[in-house]
Amino acid sequence: MSKRASVALAAVLWFGVTQLGHCAMPAIDAVADTASVTPSASAAEPANPAPLIAVPPASVGQWYNLGAYWAPWLAGDGPVPMSGPNAPTRVAGWLRPANPKDKTSQNEWLAIVIVQLAPGTKAPCAIQATSLDVAGSGCLRLRRNADFDQWLQAAQPVLYRWVDKHGWSSLPRAWAAYRVPSASGGAVEVHVLFTPSLIEPATRNASDFLTSGLPGQQWARQLAAAVNALNGAAGNVFTVPPFPFAPGPHVEPEAALPDMLPAKSAASASAPASPAVAEQILHMPAARPEQK
């Protein structure tokens, strides 16, 4: 091949590669669990030890791996074990996309799950138990109307601002949290912000109304059992318990109230088993540039 032909061929190949680079869309990788993704990390930073997150199957929408962060301690109740953005943190979110047939419909975060570690620092639960306590120890808390009267913003200001800054806020929402302090120092805490209907059954009469809070309390105990299964150790997997009234793919029938144990009984609370086939969690796709 002559020198002139070689130069011409190289020019053609270079043009083709650059055109493909402009046309290609960013790939979206599906993973079996929430693998470590630290958007703000640099090569000099240590690996983030926050536990991975396993999620229940979703009939509508999609669970997304929202990444690993070095974040401030988010809980607003109980002693704060550290200052600054030094808590290993991992986040997963369940997103229901907007209905394309409904112009008023918007993307909705059905659930945001946040796992944080306080390594080597004492982080006891709140000293005084409140009406939000499910187990009476101050470690397991549940509020069904978290944004009513701006409660979340006032009681959990760091959590409120951090979630809102990342664009993960959808209203209305409930809040559940559980902290496991270690006697030798350190703690693990999980926050879940979610649509209240995920734990609330349909009520048809006064009897249903009086017992409508039991499924949520039972789910909160399952959440606590799942956090206890971590035992405060890094590298484990936190398994989110299935929500009792998760929406179906098409018509959402009124959910019947399941048989529940009395509110004070925690005998049936156990950590959910890890699924045989892990739910596929996608990374959030990058925003596409506007076409001119």
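The shown structure was predicted, so the numbers you read here are calculated from the model rather than taken from an experiment.
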Could you tell me if the side chain of Gln153 sits less than 4.5 Å from the side chain of Trp151, heavy atoms only?
no

Write out all pairs satisfying salt bridge (charged side-chain N to carboxylate O under 4.0 Å, His left out) with one or both partners inside residues 209-220, taking only residues at least two apart or from two chains.
none

Glu189: partners by side-chain hydrogen bond (donor to acceptor under 3.5 Å, both in side chains), with sequence neighbours left out:
Arg141, Arg179

How far apart are the closest heavy atoms of Leu171 and Arg173, and which atoms are they?
CD2-NE, 3.4 Å

Just so I know, are the side chains of Cys125 and Pro181 near enough to count as touching, which here means a heavy-atom distance under 4.5 Å?
yes

For Val240 and Ile53, what are the C-alpha separation, side-chain angles and deciding distance, and is it a side chain to side chain contact (heavy atoms under 4.5 Å, CB included)?
CA-CA 7 Å; Val240 182; Ile53 301 174; 3.8 Å; yes

Does Gly213 offer a backbone N or O that forms a donor-acceptor pair with the side chain of Arg144 under 3.5 Å?
yes

Taking all non-hydrogen atoms of both residues into account, name the closest pair between Leu117 and Ala87 and its distance.
O-CB, 3.7 Å

Hydrophobic cluster (4.5 angstrom, side-chain heavy atoms) - remaining members for Val80
Trp73, Met82

Interatomic spacing from CZ in Phe245 to OG in Ser197 - rounded to 0.5 Å
10.0 Å

One should read off an interatomic distance between His191 NE2 and Leu223 CG, to the nearest 0.5 angstrom, of 11.0 Å

Side chains of Tyr178 and Val192 in contact at under 4.5 Å (non-hydrogen atoms)
no

For the residue pair Val113 and Phe238, establish whether any side-chain heavy-atom pair is separated by less than 4.5 Å.
yes

Would you check if Thr195 and Phe243 make a side-chain contact, meaning some heavy-atom pair closer than 4.5 Å?
no

Could you tell me whether the side chains of Thr89 and Gln116 share a donor-acceptor contact shorter than 3.5 Å?
yes

Do you know the tightest heavy-atom contact between Ala118 and Pro81?
CB-CG, 3.8 Å

The reported gap from CG in Leu193 to CG in Asp147 (rounded to nearest 0.5 angstrom) is 8.0 Å

Answer yes or no: is there a side-chain heavy-atom contact under 4.5 Å between Leu110 and Arg96?
yes

Hey, are the side chains of Leu66 and Trp168 touching, using non-hydrogen atoms and a 4.5 Å cut-off?
yes

Quick one: closest heavy-atom pair of Arg90 and Pro51, and the distance?
NE-O, 3.0 Å

Apply side-chain contact (heavy atoms from CB on, under 4.5 Å) to Asp149 and list each qualifying residue two or more places apart in sequence or on a separate chain.
none

Is a side-chain donor or acceptor of Asn107 paired with a backbone partner of Ala98 at a separation under 3.5 angstrom?
yes

Side-chain touch Gln156/Asp77, heavy atoms, less than 4.5 angstrom:
yes

Which atom names give the shortest non-hydrogen contact between Pro97 and Gly61, and what distance separates them?
CD-CA, 3.8 Å

For the pair Asn48 (side chain) and Pro88 (backbone), establish whether a donor and an acceptor sit closer than 3.5 Å, ignoring hydrogens and angles.
no

Taking atom OG of Ser169 and atom CD1 of Ile112, what is their separation to the nearest 0.5 Å?
8.0 Å

Could you walk me through whether Ile114 and Leu74 pass side chain to side chain contact (heavy atoms under 4.5 Å, CB included), step by step?
CA-CA 9 Å; Ile114 304 172; Leu74 299 177; 3.8 Å; yes

Is the Phe194 to Trp219 ring centre distance short of 6.0 Å?
yes

Closest non-hydrogen contact found for Val115 with Ala50 is O-CB, 4.4 Å

Could you go through residues 157-166 and list every donor-acceptor pair under 3.5 Å that involves a side-chain atom there, pairing it with any protein atom two or more places apart or in another chain?
| residue | atom | partner | partner atom | Å |
| --- | --- | --- | --- | --- |
| His166 | ND1 | Trp162 | O | 2.8 |

Hey, what do you get for CD (Glu108) to CG (Leu95), rounding to the nearest 0.5 Å?
9.0 Å

Taking only residues at least two apart or on different chains, which pairs with a member in residues 76-99 satisfy ring-ring contact (aromatic ring centres under 6.0 Å, His included)?
Trp63-Trp94

